[in-house]
Amino acid sequence: MQRKRLDVRAYRTAERLLRHHRGELLPGGRLTPRWLEDGTRFWYTVATVEGKRYVLVDPVAGTRRLAFDHERLASALAAATGQPVDAAALPLPAIGPADGTVEFDAFGEHWLLRLDDHTLRRTAGEPPVGPLEVAAPDRKHAVHRAGHDLRARTLDGDRDWALTSDGTEDRDYGANPDYLMYSTLLTKLGLPHLPPAVAWSPDSSRVLTHRTVQDGVRRTHLLRAAPAGGGEPALLSPRYAVAGDERIPLAEFVVLDVTTGAVTEARGEPVAMSMMSPLFQRWAWWEPDGSAVHYLSRSRDARTLGLYRLDPDTGEVRTVLTERGRTRVDPAPRQLQPPLVRVLAGGDEVLWYSERDGRGRLYLHTAHSGALVNAVTSGAFAVQELLHVDEAERTVYFTAAGLVEEDPYRRTVCRVGLDGSGFERITDDDLDHAVTVAPGGTCFVDSASTTALAPVITVRDWSGRALVELERADDTRLRETGRRAPIRFRTTSADGTCDVHGLLYLPHGFDPSRRYPVIDTPYGLPTDNRVSPSFDPGHYGYEAEALAALGFVVVAVDGKGSPGRSKEFLDASYGNLGDACGLDDHVAALRQLAAERPWMDLDRVGITGMSSGGYAAVRALLRHPDVFRVGVAESGMHDFRLLEPGLGEAYHGPFDEEEYAALANESLADRLEGKLLLVHGGLDDRVPPQSTLRLAERLIAHGKDFDLLVVPDADHIYFGYEHYVNQRKWDFLVRHLLDAEPPADYRLPPVPIDMEALGELFG
């Protein structure tokens with residue numbers, strides 16, 4: 001019997017729900033404040049029904065207004081350039097508002113707009129800073145790489161000179177590990193490498209950087225089989241250390257004086273950096289007066305974390321504070337967060353994040369001996385972000401999770417005295433608060449929402465008082481697609497010891513009298529959460545909404561081993577990465593949910609994920625073949641023996657060949673029973689394709705039937721190929737779970753470049 005064909009409208013709706021359309025569907029849902037030089041005012045862009053708008057905000061005055069008349073500017077710019085200009089999509093990457101004027105770049109020229117009459121004239125702007133340069137705070141100099149060395153230049157173009165001259169391929173300055181520094185994604189964007197890893201001193205006279213030591217680091221090999229424009233295949237051989245290797249990339253800190261040419265080398269042990277530069281990770285910073293540099297360094301097994309003080313004049317390095325733990329010791333709840341560490345009182349005190357007593361807390365230590373002074377936070381909540389420290393008032397402001405009974409992941413803005421007294425909730429509602437702090441700490445931008453309630457964005461002072469409302473997101477268009485807010489749920493963990501939380505996405509056109517196939521969407525590492533507490537669903541949440549539009553019930557679960565709650569909950573993953581952050585809890589959640597929801601068809605359960613989620617998807621099919629019948633794994637981390645040490649060694653434990661072999665999905669390849677699609681980019685330098693190809697080889701050896709898609713020129717996130725990979729994934733799930741044929745002759749359109757998302761990706 002011929003199978004039914006899915007209505008093409010389902011694919012069109014699913015495509016509309018992907019991240020790059022969210023600004024159109026949710027006007028006012030998200031903004032990025034661009035602070036002006038004084039740090040008290042900012043501008044931002046927002047999508048409205050009239051198109052993109054530029055908004056200027058003065059929190060002190062409590063005002064929010066359009067930065068200019070968009071229609072008049074469009075007319076003036078079109079007249080001046082002879083180019084068509086759309087007032088709803090002005091080609092201005094940035095603006096510089098001042099009293100009575102606005103400056104901006106457009107069509108390769110710099111312009112000044114007078115606001116009183118909207119007259120426009122060409123003018124000389126600030127000297128440009130190239131995409132591969134890092135400018136000084138005073139905007140007089142910039143640092144860039146030349147070969148394996150660093151150079152400085154005056155932004156007026158008057159002078160360009162060497163800061164170092166002894167750089168080599170194995171000991172170069174300001175470099176990240178190869179997979180990030182020279183990534184295939186950067187090549188596609190037309191960039192040869194990342195900007196140098198440097199931090200300018202506050203007075204713009206010196207730069208902190210590091211000599212990147214990679215001699216002896218193993219190389220991996222990638223084949224550019226289909227070069228753009230044709231030509232012979234090319235072999236790429238980036239250095240890529242893996243778990244158990246003796247040699248990994250190291251950072252040797254140096255301070256370079258731009259004015260005198262002096263080079264001061266840190267007289268301390270190099271810092272391990274298998275993942276990224278400590279400067280990119282914000283694990284190294286100048287003190288506000290420029291008198292010292294402080295940096296964090298963690299042992300190879302991640303069980304010892306130290307804070308160090310570097311004297312930029314002498315290179316002397318002193319240990320300030322060290323913490324050791326039975327499992328990993330983290331300076332923040334999640335892997336890529338800025339550390340929750342501050343050096344206070346002119347270098348005499350340290351505010352320090354730790355999970356030593358079972359939850360994420362802040363502690364006050366002396367900086368001279370490292371001795372504990374007192375616990376700053378206490379109670380049944382976990383600190384999530386360190387927002388601001390008012391040293392004059394001896395008060396610290398932070399976000400905490402665990403104060404909202406309905407959702408233990410929702411963030412609440414709080415304050416407490418550095419002596420641990422006077423705890424108070426600044427935001428006294430039960431919403432989730434995503435916060436951006438002004439550069440000088442004078443106020444904060446607060447986006448308040450839940451998974452069901454669209455954001456209201458305001459500027460607040462540290463009493464919690466709203467200074468000015470910025471946006472109230474309008475979710476009308478989003479709801480018109482058929483999208484419903486996900487349902488929060490709470491189930492019991494597989495071992496019966498605790499609650500597990502998640503989200504349930506209903507299929508479009510939901511009818512409780514029908515039975516629907518179910519798709520799980522896991523994240524398999526304890527580095528971040530899968531379930532968002534806010535209206536912004538996060539990367540996997542956008543995919544979940546798209547899959548719901550195709551007709552699936554979609555489930556997201558934060559099982560035991562994931563971050564954001566207690567240390568015990570998190571440490572369920574340590575030495576147990578093979579459980580992929582609670583796969584047993586996922587199974588338990590599916591069964592508990594379906595027991596009360598007969599429309600969930602547990603005979604048709606699929607699972608899909610990317611990167612660590614790809615590992616989890618395959619792991620689920622192999623460990624629970626009676627539950628998961630169909631899986632799609634993109635860029636899967638299927639074998640931690642083939643991945644950087646900062647993953648397996650930090651989040652599972654020191655390398656042991658037998659133990660790590662058991663972690664590999666290939667070790668269970670003989671168990672595959674369901675339908676499986678493996679997808680990998682041929683030029684994936686983050687998770688090299690041999691991770692998937694070795695799994696494929698073992699599946700073949702066991703005579704297993706599976707599908708394999710290698711996208712020859714694709715990187716880890718399939719930049720430029722996202723639409724193709726999405727369509728292949730959707731087609732696979734529709735055929736094998738919905739028992740339907742995908743729409744005929746429908747092709748997802750290419751995804752436009754999202755520079756903001758790429759900026760987040762590269763820090």
Side-chain angles (χ1 to χ4, degrees), residues 172 174-186 193-199 209-214 216-220 238-253 269-285 295-306 328-339 341 523-528 563 573-574 577 610-613 615 635 637 639-655 660 684-688 691 715-717 758-763:
D172 57 349
N176 272 275
D178 286 1
Y179 86 86
L180 186 60
M181 191 70 189
Y182 310 107
S183 75
T184 52
L185 175 54
L186 285 172
H193 52 72
L194 285 174
V198 300
T209 187
H210 51 74
R211 186 184 297 112
T212 303
V213 181
Q214 298 194 81
V217 174
R218 83 161 66 213
R219 292 184 181 273
T220 191
R239 287 162 295 198
Y240 188 92
V242 301
D245 279 358
E246 178 183 353
R247 301 276 190 170
I248 66 172
L250 302 172
E252 297 177 341
F253 284 115
E269 291 296 316
V271 173
M273 60 165 193
S274 70
M275 292 194 66
M276 68 175 62
S277 161
L279 288 164
F280 267 49
Q281 203 167 356
R282 290 170 284 189
W283 279 31
W285 63 92
Y295 65 89
L296 296 167
S297 181
R298 192 161 61 175
S299 61
R300 178 81 179 254
D301 64 6
R303 297 177 185 175
T304 302
L305 179 68
R328 59 184 173 268
V329 178
D330 294 313
R334 292 164 186 83
Q335 186 184 64
L336 296 181
Q337 270 187 272
V341 176
Y523 188 79
L525 277 176
T527 55
D528 208 348
S573 59
Y574 193 81
L577 281 187
M610 180 179 183
S611 199
S612 73
Y615 172 79
S635 310
M637 295 179 167
D639 191 338
F640 287 95
R641 294 172 297 180
L642 305 177
L643 302 176
E644 58 190 331
L647 294 172
E649 293 183 13
Y651 293 97
H652 183 78
F655 181 75
Y660 273 58
D684 187 343
D685 40 18
R686 184 69 178 88
V687 178
S691 176
D715 53 69
H716 188 59
I717 62 171
L758 289 175
E760 293 172 1
L761 181 68
F762 288 111

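Note: hydrogens, waters and symmetry copies are ignored here, and every other heavy atom, side chains too, is used. This is a predicted model, so every value here is computed, not measured.
Relative ring orientation between Phe640 and Tyr615 is described as perpendicular, the plane-to-plane angle rising above 60° on a 0-90° scale split at 30° and 60°.
Across all their heavy atoms, Arg334 and Pro563 have their closest contact at CG-CG, 4.1 Å. The shortest heavy-atom contact between Asn176 and Gln214 is O-NE2, 4.3 Å. Leu180 approaches Met275 most closely through the heavy-atom pair CD2-O, 4.3 Å. The shortest non-hydrogen separation linking Thr209 to Ala197 is OG1-O, 2.8 Å. What you find for Ile248 and Ala241 is that their closest heavy atoms are CG2-CB, 3.8 Å. The shortest heavy-atom contact between Pro339 and Leu296 is CB-CD1, 3.5 Å.
Atom CG of residue Leu525 and atom OH of residue Tyr651 lie 8.0 Å apart, to the nearest 0.5 angstrom. How far CZ of Arg300 is from CZ of Phe655: 10.0 Å, rounded to the nearest 0.5 Å. In this structure, CH2 in Trp283 is found 5.5 Å from CG in Leu305, a value given to the nearest 0.5 Å. To the nearest 0.5 angstrom, Leu279 atom CG is 9.5 Å from Met273 atom CE. To the nearest 0.5 Å, atoms CG (Asp684) and OG (Ser611) are separated by 7.5 Å. To the nearest 0.5 Å, the span separating CZ on Arg282 from CE on Met276 amounts to 9.5 Å.
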- Message: Working note: Arg219 + Arg239, criterion side-chain contact (heavy atoms from CB on, under 4.5 Å); need CA distance, chi angles, decisive distance, verdict.
- Response: CA-CA 4 Å; Arg219 292 184 181 273; Arg239 287 162 295 198; 3.8 Å; yes
- Task: Decide yes or no on side-chain contact (heavy atoms from CB on, under 4.5 Å) for Leu643 and Val687, but give the supporting numbers first.
- Result: CA-CA 7 Å; Leu643 302 176; Val687 178; 3.7 Å; yes
- Message: Walk me through whether Tyr179 and Thr220 qualify under side-chain contact (heavy atoms from CB on, under 4.5 Å).
- Response: CA-CA 10 Å; Tyr179 86 86; Thr220 191; over 6 Å; no
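In this structure, the side chain of Ser274 does not engage the main chain of Glu644 through any donor-acceptor pair within 3.5 Å. At least one donor-acceptor pair closer than 3.5 Å links the side chain of Ser635 to the backbone N or O of His716. Checking side-chain atoms of Tyr660 against main-chain N and O of Gly244 turns up no donor-acceptor pair under 3.5 Å. For the pair Asp685 (side chain) and Thr184 (backbone), a donor-acceptor distance under 3.5 Å is present.
For the pair Pro249/Val217, a side-chain contact is recorded, criterion being any heavy-atom separation below 4.5 Å from C-beta on. No side-chain heavy atom of Asp330 sits less than 4.5 Å from a side-chain heavy atom of Gln335. Using a 4.5 Å cut-off on side-chain heavy atoms (C-beta onward), Tyr240 and Pro688 make contact. Annotation: side chain of Leu647 is in contact with side chain of Met637 (closest heavy-atom distance under 4.5 Å). Residues Ile717 and Met610 form a side-chain contact, since some pair of their non-hydrogen atoms from C-beta on lies under 4.5 Å apart.
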